[in-house]
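Below is one structure; the comments refer to it alone.
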2 protein chains.
Amino acid sequence: MQDDRSKKSEQEIDFGVLGEFLGYRLRRAQMNFFAKFGEVCEDLGISPGLFAVLAIVDRNPGLTQTAVAQALGNDRSAMVAAVDKLEGKNLLERRPAVNDRRSYALFMTEEGNRFFANAVERVSRYENEMAKCLKDDSEKEWLLDALERLANKSL
Amino acid sequence: MQDDRSKKSEQEIDFGVLGEFLGYRLRRAQMNFFAKFGEVCEDLGISPGLFAVLAIVDRNPGLTQTAVAQALGNDRSAMVAAVDKLEGKNLLERRPAVNDRRSYALFMTEEGNRFFANAVERVSRYENEMAKCLKDDSEKEWLLDALERLANKSL
DNA sequence: TTTCAAAACTTGATAAGGTCAACAATTGTT
DNA sequence: AACAATTGTTGACCTTATCAAGTTTTGAAA
């Protein structure tokens with residue numbers, strides 16, 4: 001007679017190799033962060049991806065869409081809809097590039113500056129709240145560094 | 001005359017707050033891991049999500065679809081297509097649950113055992129390769145622990 | 001026993017992201 | 001002048017995720 005484990009509670013489940021795999025742990029942690037981002041920024045109508053675009057344009061005014069896409073590791077075709085949305089919200093604008101009529105230069109609007117400052121305020125708050133499960137600031141710095149190394153590691 | 005930063009190289013880009021945000025760093029690291037998973041397991045026709053299902057069933061034979069979904073943090077309805085695919089590959093099978101005719105009990109097939117062992121071999125290899133950018137085993141353990149804390153942290 | 005709420009699986013609709021190939025306009029190079 | 005490369009864009013496609021129903025079955029309440 002075989003075991004009936006169908007009703008085993010979640011806490012008794014053996015995750016096997018998943019528990020030792022960085023890829024799985026990274027995914028679970030990131031899913032949690034995205035969920036929290038959604039809760040905190042729900043009324044702002046902005047996603048983590050759009051927030052990242054604003055963050056890049058905010059600190060690097062005049063970049064082309066392709067340059068922003070490369071910075072974020074996205075396809076440049078995906079940037080079209082993103083910039084369309086942000087331009088539709090009057091948060092940034094496309095200006096014709098001065099020396100290349102193929103491309104646009106991206107700039108924040110005044111409303112975009114206010115909006116982004118507010119968004120950073122919210123995201124920083126929940127980031128700090130999440131970071132409370134880390135021992136101290138040095139552990140967070142260490143973690144940020146380790147994550148960057150993993151993000152750039154090639155086989 | 002405004003700066004022409006449209007051609008700024010990627011390495012000169014200022015990431016601003018993104019560089020301090022765990023959410024962004026987690027996403028970049030996880031994207032890299034998923035990309036590497038795809039490279040290594042390309043011919044196996046399996047995704048990280050399907051691998052996770054196999055890992056759970058492998059160590060917890062007889063679980064229902066819903067139990068697996070809860071363990072992985074997925075919706076029950078998403079498990080249907082996943083199990084369909086894995087059953088179509090003869091890697092696992094649905095058996096009628098002994099005490100509940102509403103649910104199935106999931107079990108690995110013989111082929112599933114061999115397939116999963118092979119997949120774990122590959123994934124372990126690239127996981128270890130990726131972990132070489134960490135100082136030592138203790139740093140990896142520390143990182144796994146920190147990621148688990150972040151995955152379970154609530155606001 | 002009868003009734004009713006809840007659970008397990010499934011389906012279908014929907015939405016969001018990501019990838020990819022093409023296209024026109026423009027640029028840079030040969 | 002001819003050719004290749006780049007930029008923004010579009011459209012197709014795929015994968016996930018989510019959500020609301022609907023069916024069958026279970027378990028508890030009246």
Side-chain angles (χ1 to χ4, degrees), chain A residues 4-10 27-28 30-32 34-35 37-39 41-42 45-53 62-88 92-106, chain B residues 4 6-10 27-28 30-35 37-39 41-42 45-53 62-88 92-106:
Chain A
D4 177 15
R5 300 162 109 165
S6 61
K7 291 177 184 167
K8 179 193 292 186
S9 78
E10 184 177 349
R27 177 175 184 273
R28 295 301 294 259
Q30 196 239 318
M31 288 289 97
N32 194 20
F34 267 29
F37 186 101
E39 293 175 15
C41 297
E42 187 179 10
I46 205 176
S47 66
L50 294 181
F51 180 89
V53 172
L63 281 190
T64 65
Q65 292 184 186
T66 299
V68 175
Q70 287 175 342
L72 295 175
N74 298 332
D75 192 291
R76 69 179 193 276
S77 66
M79 200 59 51
V80 179
V83 175
D84 282 350
K85 286 178 188 171
L86 295 173
E87 203 175 27
L92 55 77
E93 57 179 348
R94 288 183 242 234
R95 298 182 196 167
V98 290
N99 53 353
D100 190 337
R101 282 184 295 178
R102 291 171 301 180
S103 59
Y104 297 113
L106 301 179
Chain B
D4 176 17
S6 62
K7 289 176 183 167
K8 182 194 289 186
S9 80
E10 184 177 351
R27 178 175 182 274
R28 295 300 295 258
Q30 196 239 318
M31 289 292 96
N32 193 21
F33 269 76
F34 267 28
F37 186 100
E39 293 175 17
C41 296
E42 187 179 11
I46 203 175
S47 66
L50 294 180
F51 180 89
V53 171
L63 280 190
T64 65
Q65 293 184 185
T66 298
V68 175
Q70 287 175 343
L72 295 175
N74 298 333
D75 192 293
R76 301 171 273 286
S77 63
M79 200 59 51
V80 179
V83 176
D84 282 351
K85 287 178 187 170
L86 295 172
E87 203 174 27
L92 56 78
E93 58 180 347
R94 288 183 241 234
R95 298 183 197 166
V98 292
N99 54 353
D100 189 339
R101 281 185 294 178
R102 293 171 300 179
S103 57
Y104 297 113
L106 301 178

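The chains referred to below are lettered A, B, ... by the order of the sequence lines, with proteins before strands, and numbering in each begins at 1.
Atom CD in Gln30(B) sits roughly 12 Å away from atom C1' in dT16(D) (whole-Å rounding). Following rounding to the nearest Å, Met79(B) (CE) and dT16(D) (P) show an atom-to-atom distance of 12 Å. If you take CG of Leu72(A) and P of dG18(C), they are 10 Å apart, rounded to a whole angstrom.
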Contacts under 3.5 Å, N or O only, protein and nucleotides 17-21 of chain D:
residue : atom : partner  : partner atom : Å
dA17(D) : OP1  : Arg27(A) : NH2          : 2.5
dC19(D) : N4   : Ser77(B) : OG           : 2.8

What pairs of nitrogen or oxygen atoms, one from the protein and one from nucleotides 2-9 of chain C, lie under 3.5 Å apart?
residue : atom : partner   : partner atom : Å
dA7(C)  : N3   : Arg102(B) : NH1          : 2.8
dC9(C)  : OP1  : Gln65(B)  : N            : 3.2
dC9(C)  : OP1  : Tyr104(B) : N            : 3.2
dC9(C)  : OP2  : Thr66(B)  : N            : 2.8
dC9(C)  : OP2  : Thr66(B)  : OG1          : 2.5

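At a threshold of 4.5 Å between non-hydrogen side-chain atoms, the residues Met79(A) and Val53(A) count as touching.
Along DNA chain C, the nucleotide closest to Lys85(A) and the one closest to Asp84(B) are compared, and the more 5′ of them pairs with Asp84(B). Between Val83(A) and Leu50(B), it is Val83(A) whose nearest contact on DNA chain D lies nearer the 5' terminus.
Summarising the geometry of Asp100(B) relative to Ala97(B), their closest heavy-atom pair is O-CB, 3.3 Å, with the distance given to 0.1 Å. Leu72(B) and Ala52(B) make their closest contact through CD2-CB, 3.9 Å (heavy atoms, listed as atom of the first residue, atom of the second, distance). Annotation for Ala105(A) and Gly62(A): closest pair CB-O, 3.5 Å, computed over non-hydrogen atoms. Considering every non-hydrogen atom in both Ser47(A) and Phe37(A), the closest pair reads C-CE2, 3.5 Å.
No option in Leu86(A), Leu63(A), Val83(A) other than Val83(A) meets the side-chain contact (heavy atoms from CB on, under 4.5 Å) test with Leu106(A).
Distances shorter than 4.0 Å separate none of the side-chain N or O atoms of Arg101(A) from OP1 or OP2 on dT7(D).
No more than 12 heavy atoms of other residues, nucleotides or ligands lie within 6.0 Å of CD in Glu42(B), so this atom counts as exposed by the packing criterion. Within a 6.0 Å radius of CZ in Arg76(B), no more than 12 heavy atoms belonging to other residues, nucleotides or ligands are found.
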